2 protein chains.
Amino acid sequence: MTGQRRVVARVLSEASDHPDVEELYRRAARLDARISIATVYRTVRLLEERGILERRDFGGGRARYEATEHGHHYHLIDIDTGKVIEFQEPEHQRLLRAVAERLGFDLVSLRLELFGRRRSPAMAEPRRAAGRADAEPAEPVAAEPVAAELVRPAR
Amino acid sequence: MTGQRRVVARVLSEASDHPDVEELYRRAARLDARISIATVYRTVRLLEERGILERRDFGGGRARYEATEHGHHYHLIDIDTGKVIEFQEPEHQRLLRAVAERLGFDLVSLRLELFGRRRSPAMAEPRRAAGRADAEPAEPVAAEPVAAELVRPAR
DNA sequence: GTAATTGCAAATAATTTGCCGTGCA
DNA sequence: TGCACGGCAAATTATTTGCAATTAC
């Protein structure tokens with residue numbers, strides 16, 4: 001059973017990035033104008049249920065998709081630009097599987113995402129500007145640690 | 001500046017699980033009935049921006065929250081029950097930081113979630129039921145790997 | 001007193017669905 | 001011919017926001 005679903009599948013196969021549904025729809029419509037976004041949603045869901053696609057959440061509200069690969073790779077997201085970099089780390093797979101087993105589970109899938117900021121080679125150690133260790137006498141605000149944070153100056 | 005925000009903060013401090021906004025609202029309302037869910041959303045966003053809370057996505061549509069800990073732990077989600085188990089793995093932190101650096105980034109935060117299924121000690125190797133290797137002659141469906149998957153019987 | 005915060009209801013945004021028409025098998 | 005599939009628009013769900021009233025400091 002197929003129709004314009006083939007088009008969506010094709011777009012997915014050709015994608016080497018991590019498109020969201022909106023983007024998939026745009027690409028699919030370019031190949032066949034009589035595709036509706038509902039179909040894209042339906043197809044994508046179907047494929048995800050069958051384990052052929054994986055849904056990702058890189059922040060920014062919309063789900064993004066990529067074809068399941070059985071040699072796993074992970075993602076590093078540049079928090080300033082939103083750009084996604086893939087990397088491999090096959091050792092992890094094994095390590096994490098072992099962790100799951102130790103807890104009594106079979107590992108079905110996993111999610112590993114790093115969020116980072118591009119290193120400016122200029123400044124050697126940007127770590128926490130130094131000083132600023134005794135800014136406020138820290139008024140007592142109930143014994144609630146989270147509440148306490150609400151009282152400090154915004155950033 | 002605070003008000004019923006203190007209540008939300010308190011609920012958050014006391015939570016040892018990973019409540020979603022709905023649940024936070026329920027708990028907060030128990031302590032002070034004149035809190036609206038909009039306030040919970042606002043407070044939670046505020047705290048997330050300040051880095052005091054972390055938003056999690058364990059599947060199931062709603063965001064879930066937990067207080068930021070600087071000794072990181074990770075999550076294993078039971079895909080059958082939705083139950084979340086925390087585990088530690090301090091070695092990882094370092095390892096992943098190194099990975100990021102190698103790619104030219106400072107690691108700002110990371111997300112590591114395992115999705116697993118409780119092991120039934122009964123059946124030794126549930127792996128893929130055996131047999132069933134030659135179900136269909138695999139009709140040619142364009143050269144699209146994703147499309148090909150759409151043709152196989154559902155599960 | 002002044003600015004920040006809240007409640008409420010309405011607005012958004014992403015995703016799903018009902019229904020009915022259409023095309024594939 | 002039957003039934004899965006697609007289009008459209010309406011429905012749902014999570015979250016955000018405008019605005020006037022309220023509260024904190």
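Lettering follows sequence order; numbering is per chain, from 1. Because the structure is a prediction, the values reported are computed rather than measured.
- Here the P atom of nucleotide C/dT6 and the OH atom of B/Tyr41 are 16 Å apart, to the nearest Å.
- Under the 6.0 Å cut-off for aromatic ring centres, B/His18 and B/Phe58 qualify, their centroids lying closer than that.
- For A/Tyr25 and D/dG6, the OH to C1' distance is 12 Å, given to the nearest whole Å.
- In this structure, B/Leu46 atom CG and C/dT6 atom C1' are separated by 14 Å, rounded to whole Å.
- We find that A/Arg27 and A/Asp17 are joined by a salt bridge, their nearest charged nitrogen and carboxylate oxygen being less than 4.0 Å apart.
- The nearest whole Å value for the distance from the CZ atom in A/Arg55 to the P atom in C/dT16 is 6 Å.
- In this structure, the CG atom of B/Leu24 is 14 Å from the P atom of D/dA14, given to the nearest Å.
- The structure places OH of A/Tyr41 at 6.5 Å from CD of A/Glu22, a figure rounded to the nearest 0.5 Å.
- Note on B/Thr39: a side-chain N or O is less than 4.0 Å away from OP1 or OP2 of C/dG7.
- Counting any heavy atom pair closer than 4.0 Å across all strands shown, A/Arg45 reaches sugar-phosphate atoms only and no base atom.
- Here CD of A/Glu101 is found 4.0 Å from CZ of B/Arg119. Values are rounded to the nearest 0.5 Å.
- At whole-Å resolution of the value, CD1 in B/Ile37 and P in D/dT13 are 14 Å apart.
- Between the P atom of C/dT15 and the CD atom of A/Glu22 lies a distance of 9 Å, rounded to the nearest Å.
- One can place CG of B/Asp57 at 13 Å from P of D/dA14, the figure rounded to the nearest angstrom.
- B/Arg62 has no side-chain polar atom (N or O) that falls below the 4.0 Å cut-off from OP1 or OP2 of D/dT15.
- For A/Arg118 and B/Asp106, the salt-bridge test fails: no basic side-chain N is under 4.0 Å from an acidic carboxylate O.
- In terms of position along DNA chain D, the nucleotide closest to B/Gly61 lies nearer the 5' end than the nucleotide closest to the other residue of the pair B/Arg34 and B/Gly61.
- Nearest to the side chain of A/Ala63, among C/dA9, C/dT15, D/dC5, sits C/dT15.
- In this model, the phosphate group of D/dT16 is not approached by any side-chain N or O of B/Arg42 to a distance below 4.0 Å at OP1 or OP2.
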